[in-house]
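Within every chain, numbering begins at 1; the chains are lettered A, B, ... in the order of the sequence lines, protein sequences first and strands thereafter.
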Amino acid sequence: MAYWLMKSEPDEVSIDDALAASSIPWFGVRNYQARNFMRDRMQPGDGVLFYHSSCDQPGIAGLAEVASSAYPDHTQFDPASKYFDPKSSAESPRWMMVDVRALRKTRLLSLAELRACPALSDMLVLQKGSRLSITPVGVAEWRQVLALLEGKKSP
DNA sequence: GCCAACGTTGGC
DNA sequence: GCCAACGTTGGC
């Protein structure tokens with residue numbers, strides 16, 4: 001059982017969009033490190049912090065879980081998609097994705113509030129220059145985030 | 001829109 | 001293998 005933070009632009013897929021579906025395919029990841037996390041380390045049932053990025057209020061917007069193992073991202077084969085990759089092939093797909101099932105919407109736990117919590121200072125998503133759309137979350141960090149969502153003071 | 005930081009590409 | 005140029009991310 002592992003924990004992850006996954007960024008989504010709410011203009012594309014928000015937590016509300018995700019909750020409206022039984023699960024959503026996490027298409028469009030075009031970064032090798034993020035792909036490798038999905039392909040090599042994610043397991044169905046892993047916990048996911050659903051993060052809204054590139055928007056007015058960036059931060060954690062909900063809780064989710066990994067709902068499948070990794071499989072090829074079909075958008076890489078679609079010339080009409082902005083995620084089309086001409087260098088990929090059906091025989092050896094370059095990009096993978098998992099399905100993610102949203103569990104519940106939370107209050108918006110803002111990036112500023114995350115940064116203000118000393119116990120979360122090592123969180124990968126908070127590191128300077130971090131742009132990875134998928135990052136592993138430590139169990140202590142996961143518990144701390146849940147505590148913040150419940151309104152408890154950080155220690 | 002700006003820009004810092006990072007990732008990828010491609011010539012050599 | 002180096003590294004400059006370019007493209008992308010994402011907060012502000």
* Spacing between A/Q127 atom CD and B/dG7 atom P, to the nearest angstrom -> 14 Å

* Asked: Side chains of A/S14 and A/D16: is there a donor and an acceptor less than 3.5 Å apart?
  -> no

* Plane angle bin for A/F50 and A/W26 - parallel if under 30°, tilted between 30 and 60°, otherwise perpendicular -> perpendicular

* To do: Among B/dA5, B/dT9, C/dG11, find the nucleotide with the atom closest to the side chain of A/K87.
  => B/dT9

* Interatomic distance, A/Y32 OH vs C/dT9 P [rounded to whole Å] -> 14 Å

* C/dG11, B/dG7, B/dT8: which one has an atom nearest the side-chain heavy atoms of A/R131? -> B/dG7

* Asked: Can A/D99 and A/Y71 be counted as having a side-chain donor-acceptor contact under 3.5 angstrom?
  -> yes

* Let me know the distance between CE of A/M6 and C1' of C/dG10, rounded to the nearest Å. => 17 Å

* Write down the distance between NE2 (A/H52) and P (C/dC12), rounded to a whole number of angstrom. => 17 Å

* Asked: Can you check the A/N31 CG to B/dC6 P distance for me, whole Å?
  -> 13 Å

* Structure fact -> Between CG of A/L124 and C1' of B/dA5 the distance, given in whole Å, is 16 Å

* Structure fact -> In whole angstroms, the gap separating C1' of B/dT8 from CG of A/D85 amounts to 12 Å

* Using the rule that two of Ile, Leu, Val, Met, Phe, Trp, Tyr join whenever any of their side-chain heavy atoms come within less than 4.5 Å, decide whether A/L149 and A/V137 are in one cluster. => yes

* Would you please confirm or rule out a distance under 4.0 Å between OP1 or OP2 of B/dA4 and any side-chain N or O of A/K128? => no

* Structure fact -> Here the distance between atom C1' of C/dC12 and atom CD of A/Q57, to the nearest Å, is 14 Å

* Asked: Does A/Y51 place a side-chain N or O at less than 4.0 Å from the phosphate oxygens OP1/OP2 of C/dG11?
  -> yes

